[in-house]
Amino acid sequence: MATVQNMIDDERHDDTIKDQYLTFAIEGEDYGVEIAYVKEIIKMTPITKVPEMPNFIEGLINLRGDLIGVIDVRKRFDKQPKEHDEETCIIVIMYEDYTLGMIVDAVQETAIIPKERIFAPPSAKLSYANQFIRNIGKVGEEVKLLLDVERFLAQE
């Protein structure tokens, strides 16, 4: 049973991460994922290929004894592959009961995007990649495409 103190602590935790997004780049475009999903950011590490997986699933990594599946965000968005460089990294996210890595071109910053600066994506015909965008956030004059983590992780 939750105590009053636990509920207060939960509310404080929610307030500290409310409106925060980890932003990252893919092919010159800016994206964001709610900070609540982010466990950590790691450098590229050797990836073990797994046969008969969708092409956007790169394989598995050993993260301190835990096997973590890794998705190449470029491939998931149907973009051209790119050689990994010193900025390429893996964002480790937690969603429901599982942990997964997302390979991105570069991590940018943790941005605070209040709800009044978040807008629904255009209702025009959506391209393949747009099915993964929940909202669009404005940070100053920059636009960040905010991921729908549930859709991003779902296999058609």
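Bear in mind that the values here come from a model prediction, so they are computed numbers and not experimental data.
In terms of hydrophobic clustering, with Ile, Leu, Val, Met, Phe, Trp and Tyr side chains grouped at heavy-atom distances under 4.5 Å, M102 and I41 are assigned to a common cluster. Grouping the Ile, Leu, Val, Met, Phe, Trp and Tyr side chains by contacts below 4.5 angstrom, directly or via other members, places I118 apart from V38. With hydrophobic clusters built from ILVMFWY side chains whose heavy atoms lie under 4.5 angstrom apart, I103 does not share a cluster with V33. There is no path of hydrophobic side-chain contacts, each under 4.5 Å, that joins I112 to L22. L63 and V70 fall within the same hydrophobic cluster, defined by Ile, Leu, Val, Met, Phe, Trp and Tyr side-chain heavy atoms under 4.5 Å apart, directly or through other members.
In summary, E34 and R134 engage in a salt bridge, as defined by a charged side-chain N under 4.0 Å from a carboxylate O. Under a 4.0 Å N-O distance rule, the pair K43/E86 does not qualify as a salt bridge.
Under the 6.0 Å distance and 45° angle rule, R76 counts as a cation-pi partner of F56.
Summarising the geometry, atom CD1 belonging to I93 is positioned 8.0 Å from atom CG belonging to L147; distances are rounded to the nearest 0.5 Å. Between the CZ atom in F24 and the CG atom in D105 there is a gap of 9.5 Å [rounded to 0.5 Å]. Remark: R117 CZ to N135 CG distance equals 14.0 Å, nearest 0.5 Å. In this structure, CD1 on I136 lies 11.0 Å from CD1 on I113, to the nearest 0.5 angstrom. Within the model, atoms CD1 of I61 and OG1 of T48 stand 9.5 Å from one another, a figure rounded to the nearest 0.5 Å. Note: K39 NZ to I42 CD1 = 10.0 Å, rounded to the nearest 0.5 Å.
Without hydrogens or angle criteria, T23 side chain to E109 main chain gives a donor-acceptor distance under 3.5 Å.
With 3.5 Å as the limit, one finds a donor-acceptor pair spanning the side chains of E29 and Y31.
Remark: K82 pairs with D85 by the salt bridge (Lys or Arg N to Asp or Glu O under 4.0 Å) rule, at least two apart or across chains.
In this structure, V92 and T99 have side chains that are in contact, with non-hydrogen atoms separated by less than 4.5 Å. Side-chain contact check for V73 versus I91: every heavy-atom pair is 4.5 Å or farther apart. Two residues are said to be in side-chain contact when any heavy atoms from C-beta on lie closer than 4.5 Å; T110 and I35 meet this criterion.
Residue F152 forms a ring pair (Phe, Tyr, Trp, His ring centres under 6.0 Å) with just one option from F132, Y37, Y95, and that option is F132.
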Verdict with supporting geometry, I57 and D72, side chain to side chain contact (heavy atoms under 4.5 Å, CB included): CA-CA 6 Å; I57 298 179; D72 186 320; over 6 Å; no
Side chain to side chain contact (heavy atoms under 4.5 Å, CB included) evaluation trace for K144 with Q108: CA-CA 11 Å; K144 308 289 184 182; Q108 297 169 320; 3.5 Å; yes
Evaluation steps, side chain to side chain contact (heavy atoms under 4.5 Å, CB included), between V50 and L60: CA-CA 7 Å; V50 179; L60 299 169; 3.9 Å; yes
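Residue Q80 places its CD atom among 12 or fewer non-hydrogen atoms of other residues, nucleotides or ligands, all under 6.0 Å distant.
The side-chain hydrogen bond (donor to acceptor under 3.5 Å, both in side chains) contacts involving residues 55-68 comprise E40-R64, K49-E58, E58-K75, where partners must be two or more places apart or lie in separate chains.
Members clustered with M94: none, using a 4.5 Å side-chain heavy-atom cutoff among hydrophobic residues.
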